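Letters go in sequence order (proteins before strands), and every chain restarts at 1. Just so it is clear, the structure is predicted and the values come from calculations on it, not from any experiment. Values reported hereafter were calculated over all heavy atoms of this structure, with side chains retained and with hydrogens, waters and symmetry mates removed.
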Protein chains: 2
Amino acid sequence: MYFLFQTRPYLSTQQPLKQPHRPEKITDMEREPMFQKQLTQSDVGKLNRLVVPKQHAVNYFPVIDSGNERKIRTTLLSFEDELGKCWSFRYSYWSSSQSYVLTKGWSRFVKEKGLGVGDFVFFERHREDNDRFFIGCRWRASAGTGVTTQVQDNGVAHRVAMVDGSSEQSEKPPMGDSRRLRLFGVNVNLD
Amino acid sequence: MYFLFQTRPYLSTQQPLKQPHRPEKITDMEREPMFQKQLTQSDVGKLNRLVVPKQHAVNYFPVIDSGNERKIRTTLLSFEDELGKCWSFRYSYWSSSQSYVLTKGWSRFVKEKGLGVGDFVFFERHREDNDRFFIGCRWRASAGTGVTTQVQDNGVAHRVAMVDGSSEQSEKPPMGDSRRLRLFGVNVNLD
DNA sequence: GGTTGGACCTGGCGA
DNA sequence: GTCGCCAGGTCCAAC
């Protein structure tokens, strides 16, 4: 298993970067898995939020709720993706539903990565610097196929399922010119 | 016309009471009708809200909207039912639809009373203490029958239509043992 | 005005 | 039967 980090500047037309790139290559040994989640309809739909399972939230993310009044119930978390791009999400506890959620910024991540129901998002952290987080996604493998890889086309991800040695493009997100597609890495498997 | 208030404690398995019982018997003379509404599909369906006709809302309920900013647009209203049980509903003005609604808690009332489309809910208040509200419901009379009465079975309401002097049980909510049914009163008619 | 995000709410379900 | 979690909703303010 390997994880290739891109070193050239990332060109995004969607949002300015809030933090500088960290172009240094991060090895697999330097990162440790935290958790992953298979995305539900509401995680990728119009609700613009990801529900973080409580056990993972309290295990790995900063404390934002302890039942005490006056305790901070929201904060900003930053994650680096495979490209070194930094994603900042608002992280909150919703007492009404007793759930931990990532909100602001999440919908952009879903859109740019082309995530859908059944896909996975995984979270990692730096082994030494536990406050340095990483985020990645893994598309649900098509039935009967082998590896599913990410492909980047001018900043927009597409899914490519390897089927019997041929490359089959998914129907979403909308396709560009497939000849300009460029592979940047395979997905890790936390299972 | 009479209205019998139950004096024994009400046993609910659904939610703890947020306000104490008022077991004293309230006579018909002490209450005055405010308004009633025949329930629509959305009043009893999955929307979990009752639309309060504007004229009644502004006439009888606390002011929650005047178009001014910083004005409270939501509050909590409590109503006593025939059992002395207290029902609290969130009362709001929805500017998007320009309507007054009862939301939180309403679905429980619908379920426990077994209300359906065409049934009636009526609202009353104490003649002296105008801030003390009462709520009741009246099931839509079956075609061609006379009086429709409420029957209570361990905290869950059932409807009983008096048909030619015999008692005919409705199909909803699910029946318990009919021999344990106990009549506690007839419904008032605000028409 | 359409979209995003913030704060709500509720039913279903499993422990 | 009860309770906690969470998937899937709501409204609405801000942008």
Side-chain angles (χ1 to χ4, degrees), chain A residues 14-16 18 35-59 61 64-67 69 71-77 87-112 115-121, chain B residues 11-18 42-52 64-65 67-77 87-112 115 154-156 173-174 176:
Chain A
Q14 305 228 357
Q15 62 174 9
K18 296 197 175 56
F35 63 95
Q36 70 170 356
K37 184 188 180 184
Q38 188 166 28
L39 300 175
T40 67
Q41 175 55 48
S42 26
D43 289 332
V44 300
K46 312 278 294 183
L47 299 183
N48 302 317
R49 61 110 183 91
L50 172 76
V51 170
V52 180
K54 180 175 183 175
Q55 68 181 105
H56 300 315
V58 300
N59 275 347
F61 286 168
I64 54 170
D65 170 67
S66 67
E69 54 190 85
K71 208 68 188 293
I72 294 175
R73 283 179 127 80
T74 188
T75 186
L76 210 62
L77 295 185
W87 295 87
S88 288
F89 305 121
R90 183 187 167 98
Y91 173 55
S92 301
Y93 177 71
W94 285 352
S95 58
S96 59
S97 55
Q98 300 178 108
S99 50
Y100 295 84
V101 289
L102 296 179
T103 56
K104 184 179 181 185
W106 175 250
S107 63
R108 277 184 290 273
F109 183 80
V110 169
K111 187 181 300 179
E112 188 161 322
L115 296 174
V117 176
D119 294 336
F120 294 85
V121 60
Chain B
L11 301 174
S12 171
T13 59
Q14 306 228 356
Q15 61 175 9
L17 288 171
K18 297 196 175 58
S42 20
D43 289 333
V44 300
K46 312 277 298 184
L47 298 183
N48 303 317
R49 60 108 184 93
L50 172 76
V51 170
V52 181
I64 55 169
D65 173 66
N68 298 335
E69 53 188 88
R70 298 290 166 197
K71 206 67 187 293
I72 294 174
R73 282 179 126 81
T74 188
T75 187
L76 211 61
L77 296 184
W87 295 88
S88 289
F89 305 121
R90 184 185 169 96
Y91 172 55
S92 301
Y93 178 72
W94 286 351
S95 57
S96 58
S97 55
Q98 297 180 104
S99 53
Y100 296 85
V101 288
L102 296 178
T103 56
K104 184 181 180 183
W106 174 250
S107 63
R108 276 185 290 273
F109 183 80
V110 169
K111 186 182 301 178
E112 188 161 323
L115 297 174
N154 281 346
V156 177

Undergrad: Got a second to check how far A:L50's CG is from A:L115's CG, nearest 0.5 Å?
TA: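 Taking CG in A:L50 and CG in A:L115, the distance rounds to 10.0 Å.
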Undergrad: Which nucleotide sits closest to the side chain of A:R90: D:dA7, D:dC12, C:dA7?
TA: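 From the listed options, C:dA7 comes nearest.
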Undergrad: Look at all strands and tell whether B:Y93 reaches a base, only sugar-phosphate, or nothing, counting heavy atoms closer than 4.0 Å.
TA: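 Counting heavy atoms under 4.0 Å across all strands, the contact made by B:Y93 is with sugar-phosphate only.
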Undergrad: Can you check whether A:K46's main-chain N or O pairs, donor with acceptor, with A:N48's side chain at less than 3.5 Å?
TA: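 At least one qualifying donor-acceptor pair exists.
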Undergrad: Could you check whether A:F35 and A:F61 have their ring centres less than 6.0 Å apart?
TA: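 Close enough - the centres of the two rings lie under 6.0 Å apart.
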Undergrad: Does B:W106 or A:W106 map to a spot on DNA chain C nearer the 5' end, using the closest nucleotide for each?
TA: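 Between the two, 5'-proximity favours A:W106.
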Undergrad: Strictly below 4.0 Å: does B:K46 bring a side-chain N or O up to OP1 or OP2 of D:dG8?
TA: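 False: B:K46 side-chain N/O out of range (4.0 Å or more) of D:dG8 OP1/OP2.
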Undergrad: Any side-chain N or O of B:S107 less than 4.0 Å from the OP1 or OP2 oxygen of C:dG11?
TA: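 Looking at the OP1 and OP2 atoms of C:dG11, one of them is under 4.0 Å from a side-chain N or O of B:S107.
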Undergrad: Indicate the ring-plane relationship of B:Y100 and B:Y91, choosing parallel, tilted or perpendicular according to the 30° and 60° boundaries.
TA: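 Because their plane-to-plane angle is under 30°, the rings of B:Y100 and B:Y91 count as parallel.
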Undergrad: If you find the nucleotide of DNA chain C closest to A:S97 and the one closest to A:K104, which residue's nucleotide is nearer the 5' end?
TA: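 Here A:K104 is the residue nearer the 5' end.
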Undergrad: Counting the atoms with a prime plus P, OP1 and OP2 as sugar-phosphate, which does A:W94 contact under 4.0 Å by heavy atoms, base, sugar-phosphate, or nothing?
TA: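 Since a base atom lies under 4.0 Å of A:W94, the category is base.
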Undergrad: With nearest nucleotides of DNA chain D determined for B:S96 and A:K37 from heavy-atom distances, which residue corresponds to the more 5′ nucleotide?
TA: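 Closest to the 5' end, via its nearest nucleotide, is A:K37.
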Undergrad: From the set D:dC5, C:dG11, C:dG5, return the single nucleotide nearest to any side-chain atom of A:Q98.
TA: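 It is D:dC5.
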Undergrad: Is there a side-chain polar atom (N or O) of B:N48 under 4.0 Å from OP1 or OP2 of D:dG9?
TA: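 Answer no for this pair, as no side-chain N or O of B:N48 is under 4.0 Å from OP1 or OP2.
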Undergrad: Just checking A:R49: base, sugar-phosphate only, or nothing, at a heavy-atom cut-off of under 4.0 Å?
TA: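 Result for A:R49 = base.
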